[in-house]
Amino acid sequence: MSELVVYAVLAAATGIAAFMQGAIGIGFALIVAPVMGFLRPDLLPVALLVLMLPLNLYVALREREAIDWRGTAWIGVGRLPGTFLGLWILVIMSTNGLNQLIGASTVLAVLAALFAPVFRPKAGACASVGLITGVTETATGVGGPPLALLYQHRPGPELRSTIACCFLIGELVSLVILAAAGKVGEEQLRWALYLLPPLLVGSVASRVMHHRLDARRLRQGVLLFALVSGVVLMVPR
């Protein structure tokens with residue numbers, strides 16, 4: 001497959017994913033990580049983490065009044081040790097093994113999001129989710145599902161803004177640690193820069209549309225796509 005075709009597919013996935021993330025609070029990594037893992041696994045997780053920085057900064061600032069700062073702090077407490085564990089997994093795993101991990105993590109997260117009971121985020125749950133997110137996002141770039149599960153029954157502005165804030169802090173931590181370990185390369189940063197325009201288009205479109213959309217159906221669509229993509233990634237190649 002030519003580099004131009006790969007870029008076109010990744011750009012489309014990035015634009016759609018940015019729109020979904022901005023509109024309903026989840027979806028970016030669930031959409032982009034499986035596609036990137038299939039087409040250019042060498043770009044994960046760094047390119048994905050870099051792309052999510054401006055996206056989550058934008059969403060967090062847009063609805064900053066609704067951020068759950070207490071929950072964010074407890075998630076950060078759990079996040080740091082999880083980040084080092086995620087780095088260890090990234091170092092020891094092969095590309096095929098990492099793809100299978102991304103696929104399995106995605107499928108499990110989708111199933112949890114579909115069947116979890118209603119609950120309110122508390123300190124212990126926030127710290128535990130922070131630990132899990134640190135592992136999965138540092139190793140694979142996919143950290144949203146545990147956070148979405150934690151806040152899925154909270155009001156939309158709180159879910160979107162808090163998840164975005166947690167992502168922003170966590171992604172910076174993950175990228176610093178990955179860079180210190182020599183895992184950040186020029187090719188990954190170059191591709192993140194190439195994919196910035198569709199990311200911005202999707203983000204701006206979400207601002208215009210997020211009050212008008214059926215969030216429940218969009219969420220179901222994201223979860224269905226993630227489930228199928230995760231299953232595909234789990235098949236050894």
*With side chains defined as the heavy atoms from C-beta onward, is the minimum distance between C166 and T133 less than 4.5 Å?*
no

*Walk me through it: do I31 and M20 pass the test side-chain contact (heavy atoms from CB on, under 4.5 Å)?*
CA-CA 9 Å; I31 293 172; M20 292 295 188; 3.9 Å; yes

*Could you state the interatomic distance from CZ (R62) to CG (N56), rounded to the nearest 0.5 Å?*
11.0 Å

*P155 backbone acceptor or donor facing E158 side chain under 3.5 Å*: no

*Determine whether L196 and V59 fall in the same hydrophobic cluster, where Ile, Leu, Val, Met, Phe, Trp and Tyr are linked whenever their side-chain heavy atoms lie under 4.5 Å apart.*
yes

*So which heavy atom on A23 is nearest to which on R160, and how close?*
O-NH1, 3.2 Å

*Are V50 and L168 linked, directly or through other ILVMFWY residues, by side chains that come within less than 4.5 angstrom of each other?*
yes

*Output yes when R79 and E171 qualify as a salt bridge under the 4.0 Å nitrogen-oxygen rule, no when they do not.*
no

*asked:* Is it the case that the side chain of T14 and the backbone of P198 share a donor-acceptor pair, with hydrogens and angles ignored and the cut-off at 3.5 Å?
replied: no

_What's the separation between atom CG in L10 and atom CG in L48, rounded to the nearest 0.5 Å?_
10.5 Å

*When rounded to the nearest 0.5 angstrom, what distance separates CD1 in I89 from CG in L85?*
4.5 Å

*Decide whether V204 and F28 are clustered together by the hydrophobic rule: side chain heavy atoms of Ile, Leu, Val, Met, Phe, Trp, Tyr closer than 4.5 Å, transitively.*
no

*Shortest non-hydrogen contact from L178 to V46?*
CD1-CG2, 4.3 Å

*Going by heavy atoms in the side chains, are F19 and S203 under 4.5 Å from each other?*
no

_V201 with V32, same ILVMFWY side-chain cluster at under 4.5 Å_ = no

*Quick check: are there more than 12 heavy atoms from other residues, nucleotides or ligands sitting under 6.0 Å from CD of E186?*
no

*Would you check if M36 and D42 make a side-chain contact, meaning some heavy-atom pair closer than 4.5 Å?*
no

_Hydrophobic cluster membership, with links at side-chain heavy-atom distances under 4.5 Å among I/L/V/M/F/W/Y: are L131 and Y151 in one?_
no

*State the CZ-CG distance between F167 and L53, to the nearest 0.5 angstrom.*
11.5 Å

_Quick check for you: to the nearest 0.5 Å, what is the distance between I132 atom CD1 and I75 atom CD1?_
11.0 Å

*Over all heavy atoms of both residues, which pair between C165 and A60 is shortest? Give the atoms and the distance, please.*
N-CB, 4.1 Å

*Mind checking whether W191 and Y7 have parallel, tilted or perpendicular rings, split at 30° and 60°?*
tilted

*N/O donor-acceptor pair under 3.5 Å between R64 side chain and S161 backbone*: no

*Approximate separation, where rounding is to 0.5 Å, of L87 CG and T138 OG1*: 7.5 Å

*Determine, stepwise, if the pair W74 / K122 fulfils side-chain contact (heavy atoms from CB on, under 4.5 Å).*
CA-CA 9 Å; W74 279 108; K122 294 187 178 179; over 6 Å; no

